[in-house]
There are 2 protein chains.
Amino acid sequence: MKMISTDLIKGSLKTIVLKVLKENGRMYGYEITRKVEELTAGQIKLTYGALYPVLHKLEHEGVLVTESENYNNRLRIYYSLTEKGESVVTEKIREMKEFIDSLQNIVNPQPGLNHA
Amino acid sequence: MKMISTDLIKGSLKTIVLKVLKENGRMYGYEITRKVEELTAGQIKLTYGALYPVLHKLEHEGVLVTESENYNNRLRIYYSLTEKGESVVTEKIREMKEFIDSLQNIVNPQPGLNHA
DNA sequence: TCATATATGTAAGTAACTTATATATTGCAA
DNA sequence: TTGCAATATATAAGTTACTTACATATATGA
């Protein structure tokens with residue numbers, strides 16, 4: 001099973017990260033990539049070069065907060081949504097659902113259902 | 001109803017154009033943007049600065065061919081899929097369907113359905 | 001007469017990524 | 001005991017698919 005082209009995924013990263021955090025509460029970066037892989041049956045694999053900068057940016061914007069911990073001599077930086085983050089993710093998900101609907105109307109058009 | 005953020009749409013443009021051309025046969029650029037707007041209830045509006053370069057590129061790659069015509073003193077350049085284009089669009093649609101499935105598994109996770 | 005719709009096009013700029021690189025520990029297999 | 005895969009985070013340089021702005025021209029309706 002071929003992976004999805006990165007061009008398609010590009011743009012969805014932030015929403016994906018936030019939604020996974022909303023579902024699972026506190027998570028660390030590495031864990032997020034694994035969760036996304038699991039949810040998408042390996043179709044979407046986040047790269048760390050994309051993930052960490054996004055997490056830092058979201059923290060800087062006050063959407064996420066961090067807690068550092070040590071597990072088995074390995075640093076883990078847990079991220080969780082702030083109150084602001086909760087409302088951001090709600091809006092992002094709404095938008096993504098509309099996006100999915102739009103794509104579905106294109107790949108699987110229902111004749112007569114849309115007439116502008 | 002707010003439009004979908006361009007970041008999300010970015011990456012889907014090529015597939016959208018090709019799929020619409022597959023459904024409707026011969027179309028000109030302006031017509032394509034209108035059709036996409038119609039199909040997505042105004043959610044996705046292609047910009048000409050993105051559309052025309054993509055059409056030219058796809059023509060250059062042998063995915064599309066053009067026929068110029070004059071309608072009401074206005075130039076219309078009709079695009080249609082080549083044989084190569086047909087197989088390209090089939091693959092693109094397959095990929096987009098997987099993408100939609102993946103996004104759906106994220107925004108609407110089904111517990112217990114995915115276990116890696 | 002003036003805005004809106006129709007129709008195509010290019011050039012400059014942005015930013016969200018990818019790819020490559022860096023570091024360090026654990027655990028398992030050869 | 002050596003060496004690779006997995007775990008864990010991170011930055012820097014480069015790419016590219018777009019957006020925004022600009023350019024041109026006709027038809028149509030207010």
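Every chain is numbered from 1, with letters handed out A, B, ... down the list of sequences. Predicted, not measured: the structure shown is a model, and the values here were computed from it.
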Let me know the distance between CG of A:Leu75 and C1' of D:dA10, rounded to the nearest Å.
11 Å
Using only side-chain N and O atoms of B:Arg74, determine if any of them is under 4.0 Å from OP1 or OP2 of C:dT6.
no
When the distance from CG of B:Asn73 to P of D:dA25 is rounded to whole Å, what number comes out?
13 Å
CG-CG distance between A:Leu55 and A:Leu13, expressed to the nearest 0.5 angstrom
8.5 Å
What orientation do A:Tyr30 and A:Tyr48 show, parallel under 30°, tilted 30 to 60°, or perpendicular over 60°?
parallel
Ignoring hydrogens, what is the shortest heavy-atom contact between A:Thr15 and A:Ile93? Give both atom names and the distance.
CG2-N, 4.4 Å
Can you check whether A:Glu98 reaches A:Arg94 side chain to side chain, under 4.5 Å on heavy atoms?
yes
Any B:Tyr48 side-chain nitrogen or oxygen under 4.0 Å from OP1 or OP2 of C:dT8:
no
OP1 or OP2 of D:dA8 under 4.0 Å from side-chain N/O of A:Tyr28
yes
Whether B:Asn70 contacts C:dA7 is assessed here as follows: a side-chain N or O lying under 4.0 Å from the phosphate OP1 or OP2. Is that the case?
no
When you measure from the side chain of A:Ser68 to the backbone N and O of A:Ile77, does any donor-acceptor pair fall under 3.5 Å?
no
Taking all heavy atoms of B:Arg26 and all of B:Ser80, pick out the closest pair and write down the distance.
CA-CB, 4.3 Å
Heavy atoms only, 4.0 Å cut-off, all strands: where does B:Ile77 land among base, sugar-phosphate and nothing?
sugar-phosphate
d(CG, A:Leu46; P, C:dT18) in whole Å
9 Å
Sugar-phosphate only, base, or nothing, as touched by B:Tyr79 at under 4.0 Å among non-hydrogen atoms
sugar-phosphate
Whole-Å distance, A:Lys10 NZ to D:dT19 P, equals 13 Å
Measure the distance from NZ on A:Lys35 to P on D:dT7 and round it to the nearest whole Å.
15 Å
Counting the atoms with a prime plus P, OP1 and OP2 as sugar-phosphate, which does A:Ser12 contact under 4.0 Å by heavy atoms, base, sugar-phosphate, or nothing?
sugar-phosphate
Measure CD1/B:Ile4 against P/D:dC18 and give the value in whole Å, please.
15 Å
Rounding to an integer number of Å, can you tell me how far B:Leu13 CG sits from D:dT19 C1'?
12 Å
Check whether the side chains of B:Gln43 and A:Ser102 place a donor and an acceptor atom closer than 3.5 Å, and report yes or no.
no
Hey, does A:Gly29 reach any base, or is it just sugar-phosphate, or nothing, if we go heavy atoms under 4.0 Å?
sugar-phosphate
DNA chain C contacts made by residues 52-67 of chain A, counting heavy atoms under 4.0 Å
A:Lys57
Given DNA chain D, 5'-ward residue of the pair B:Lys45 and A:Tyr71, judged by closest heavy atom
A:Tyr71
Would you mind telling me which residue lines up with the more 5' stretch of DNA chain C, A:Gly49 or A:Asn72, judged by nearest nucleotide?
A:Gly49
pair B:Tyr79-B:Leu64: side-chain heavy atoms closer than 4.5 Å
yes
Nearest to the side chain of B:Ala50 - C:dA7, D:dC18, D:dT9?
D:dC18
Ignoring backbone atoms, establish whether A:Thr47 has a side-chain N or O less than 4.0 Å from OP1 or OP2 of C:dT18.
yes
Please state how far atom CG in A:Leu51 lies from atom P in D:dT7, giving the value in whole angstrom units.
15 Å
Verify the contact: side-chain N or O of B:Arg34 to OP1 or OP2 of C:dT6, cut-off strictly under 4.0 Å; return yes or no.
yes
